[in-house]
Amino acid sequence: MTYDEWDATEYMRDLCSRNRFAQDNEFHFCLGSGWEGLTDVVSNMRSKKAFVVMDETADADISKVGGGYFETKAFTVFVLR
C-alpha cells in the first residue's frame, strides 16, 4: 500500500472496531467537521456513551527536505466518553 492509497478514516474505523478497549467500553466511530461537528455527537449521548470522532478536515503541508518534496497531513481524532 502506498501513501496515496492510505485512507485515515477507514484506518480509524477499523481500529475502533477491532480494538479490545474500544469494544469493551462500547466506543462508536463517527465523522465530524471541526468543533461544530461535535454537536451531533453530543445530541446522541443519550443513546450511546462513548465516541471516537474523526475530524474530516485535515491540515496538509508540503515541505522540501533535502532534494525532495514531502507532503504531511495532520488528522484530529476526538475520543469522548
Side-chain angles (χ1 to χ4, degrees):
M1 177 184 298
T2 65
Y3 175 77
D4 293 334
E5 296 171 351
W6 187 72
D7 185 7
T9 304
E10 286 303 314
Y11 173 77
M12 287 305 299
R13 184 186 319 269
D14 183 55
L15 185 66
C16 186
S17 68
R18 295 178 8 165
N19 184 279
R20 182 177 294 161
F21 178 81
Q23 291 174 356
D24 292 346
N25 292 288
E26 300 177 8
F27 277 88
H28 297 279
F29 178 81
C30 54
L31 295 173
S33 294
W35 291 106
E36 296 81 22
L38 294 178
T39 57
D40 294 334
V41 172
V42 172
S43 66
N44 286 328
M45 287 189 113
R46 293 180 188 209
S47 62
K48 299 174 185 170
K49 63 180 182 176
F51 298 91
V52 175
V53 184
M54 177 82 178
D55 193 348
E56 293 178 316
T57 59
D59 294 329
D61 184 41
I62 297 176
S63 57
K64 183 177 180 183
V65 178
Y69 291 90
F70 297 91
E71 179 182 18
T72 57
K73 290 184 181 179
F75 296 93
T76 304
V77 177
F78 299 99
V79 179
L80 306 170
R81 184 170 165 98

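Quick note: numbers below take in every heavy atom, side chains included, and nothing from hydrogens, waters or symmetry partners.
Once rounded to the nearest 0.5 Å, the distance linking CZ of F27 with NZ of K49 reads 9.0 Å. The NZ atom of K64 sits 11.0 Å away from atom CZ of F70, with the distance rounded to the nearest 0.5 Å.
Taking R46 as the reference, nothing meets the side-chain contact (heavy atoms from CB on, under 4.5 Å) condition, with sequence neighbours excluded. With sequence neighbours excluded, no residue satisfies side chain to side chain donor-acceptor pair (under 3.5 Å) with T76. Residues passing the ring pair (Phe, Tyr, Trp, His ring centres under 6.0 Å) test with F75, sequence neighbours excluded: none. Scanning for side-chain contact (heavy atoms from CB on, under 4.5 Å) contacts around D61 gives S63, T72, with sequence neighbours left out.
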Report all side-chain donor-acceptor pairs from residues 9-19 shorter than 3.5 Å, counting only partners two or more places apart or in another chain.
unit_1 : atom_1 : unit_2 : atom_2 : d
E10    : OE2    : R13    : NE     : 3.3
S17    : OG     : R13    : O      : 3.4
S17    : OG     : D14    : O      : 2.9
N19    : OD1    : F21    : N      : 2.9
N19    : OD1    : A22    : N      : 3.0

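Looking at every heavy atom in both residues, L80 comes nearest to V53 through CD1-CG2, 4.2 Å.
A 6.0 Å sphere centred on CZ of R20 holds no more than 12 heavy atoms belonging to other residues, nucleotides or ligands.
Sorted by first and then second residue, the side chain to side chain donor-acceptor pair (under 3.5 Å) pairs involving residues 21-34 (not counting sequence neighbours) are S33-E56.
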